[in-house]
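Encoded as structure tokens, the structure appears first; notes follow it.
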Amino acid sequence: MVTQSRVFAYIGRMVGALTAVAISVIFNAGVSQAASSRLPATYYPAGAHTTFRPTISNQQMDCMWGFFCEGQLPLFHFFSQDQLHRVSGWGQFSGLRRANRMVMGFELFASRYRSSPDLDGTPFAKDAFDDLIHATRARGYTPLARQPYLLPANVAGDSIAEVQWVSTSELIVMACWSGTAEVEAIVTVDHGSGAERSLAVRDLTNQVRRAAGYQ
């Protein structure tokens with residue numbers, strides 16, 4: 001049985017895990033791959049180290065993002081990407097360090113899902129989007145007071161931006177879906193700095209829009 005105290009303890013560790021994933025992906029690449037990045041450097045804070053992964057398998061996404069690989073307590077999805085019928089995708093990661101400490105970390109996963117709908121006629125990209133919402137709401141995330149415009153008004157689909165405060169960090173998750181595509185992203189930022197929070201929200205909004213093909 002998963003107790004609420006275990007959930008909160010794990011969420012606290014997740015802040016460090018998210019940062020560790022970003023650092024590992026960035027520095028294990030050897031060099032920053034900014035030249036081949038899908039998202040331009042202007043969508044990240046000055047001085048951030050960024051890397052692009054052109055292919056991320058379903059199992060890698062489950063492990064890096066769904067957290068099935070650590071503690072079997074998924075925080076962003078209840079279903080695996082195989083179950084959600086994901087067929088392909090890529091990711092981009094970035095971290096900003098100051099005084100040997102990560103003060104802002106970004107992770108973004110852009111995915112394509114099976115084109116045929118599920119048994120209820122729902123697109124699988126929407127199923128993935130809904131699963132993200134259910135998982136994050138179950139873990140205490142709440143909608144941002146001011147929702148960013150991630151999709152154009154004339155595009156069929158949906159988007160969400162949610163926030164969670166953990167210790168001295170703030171976690172902001174954004175996602176959108178349309179057609180067979182879905183984008184999920186997060187930024188971790190020190191809580192208490194209004195300027196850095198605004199920068200983080202602006203940059204993450206631009207990243208999600210660009211990854212979805214609408215900027």
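Considering every non-hydrogen atom in both Gly157 and Leu151, the closest pair reads C-CD1, 3.9 Å. Across all their heavy atoms, Trp90 and Ala211 have their closest contact at CH2-CB, 3.8 Å. For the pair Glu184 and Ala128, the tightest heavy-atom approach, listed with the atom from each and the gap, is OE2-O, 3.9 Å. In this structure, Ala48 and Ser94 approach most closely via the heavy-atom pair CB-OG, 3.3 Å. Minimum heavy-atom separation, Arg53 to Gln60: NH2-NE2, 3.8 Å. Taking both residues in full, the closest heavy atoms of Ser111 and Met61 are given as OG-SD, 3.7 Å, listed atom of the first, atom of the second, then distance.
Atoms CE and CG, on Met104 and Asp203 in that order, are 7.5 Å from each other to the nearest 0.5 Å. Considering CG of Asp127 and CG of Leu132, their distance stands at 12.5 Å, rounded to 0.5 Å. Atoms CG and CG, on Asp82 and Asp62 in that order, are 7.0 Å from each other to the nearest 0.5 Å. To the nearest 0.5 Å, the span separating CG on Leu144 from CE on Met174 amounts to 6.0 Å. For the atom pair CG of Leu39 and OG1 of Thr50, the computed distance is 9.0 Å after rounding to the nearest 0.5 Å.
Heavy atoms of other residues, nucleotides or ligands lying less than 6.0 angstrom from OH of Tyr214 number more than 12. Within 6.0 Å of the CZ atom in Phe78, the count of heavy atoms belonging to other residues, nucleotides or ligands exceeds 12.
The hydrophobic cluster containing Val183 does not contain Phe129, counting ILVMFWY residues as joined when their side-chain heavy atoms lie under 4.5 angstrom apart, directly or transitively. Both Leu108 and Leu199 are assigned to one and the same hydrophobic cluster, defined by single-linkage of ILVMFWY side chains at heavy-atom distances under 4.5 Å. Cluster annotation: Tyr149 is not connected to Val208 through the hydrophobic network of ILVMFWY side chains, with a link wherever side-chain heavy atoms come within less than 4.5 Å. Trp165 and Val189 fall within the same hydrophobic cluster, defined by Ile, Leu, Val, Met, Phe, Trp and Tyr side-chain heavy atoms under 4.5 Å apart, directly or through other members. Clustering ILVMFWY residues whenever any of their side-chain heavy atoms sit less than 4.5 angstrom apart, transitively, puts Val103 in the very cluster that holds Val201.
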Go through the steps for Tyr44 and Gln92 under the test side-chain hydrogen bond (donor to acceptor under 3.5 Å, both in side chains), then give the verdict. CA-CA 11 Å; Tyr44 295 94; Gln92 192 153 313; 3.3 Å; yes
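Counting only distance, with no hydrogens or angles, the side chain of Gln164 and the backbone of Arg139 share a donor-acceptor pair below 3.5 Å. Between the side chain of Asp118 and the backbone N or O of Asp120 there is at least one donor-acceptor pair closer than 3.5 Å. Judged by distance alone, with hydrogens and angles left aside, the side-chain atoms of Ser159 form no donor-acceptor pair with the main-chain N or O of Ala175 at under 3.5 Å. Between the side chain of Gln147 and the backbone N or O of Ala161 there is at least one donor-acceptor pair closer than 3.5 Å. When atom types are taken as modelled, the side chain of Thr188 and the backbone of Leu171 share no donor-acceptor pair closer than 3.5 angstrom.
Using bins of under 30°, 30° to 60° and over 60° for the plane-to-plane angle, the ring pair Phe109/Phe93 lands in the perpendicular bin. The aromatic rings of Trp65 and Phe76 sit parallel to each other, their planes meeting at less than 30°, with 60° as the upper class boundary.
Paired with Phe124 under the rule side-chain contact (heavy atoms from CB on, under 4.5 Å), one option of His85, Arg112, Glu182 passes, and it is His85. Tested against Tyr113, the residues Arg86, Lys126, Gln81 include a single side-chain hydrogen bond (donor to acceptor under 3.5 Å, both in side chains) partner, Gln81.
Checked for salt-bridge contact, Glu162 and Arg137 meet the test: a charged N lies under 4.0 Å from a carboxylate O.
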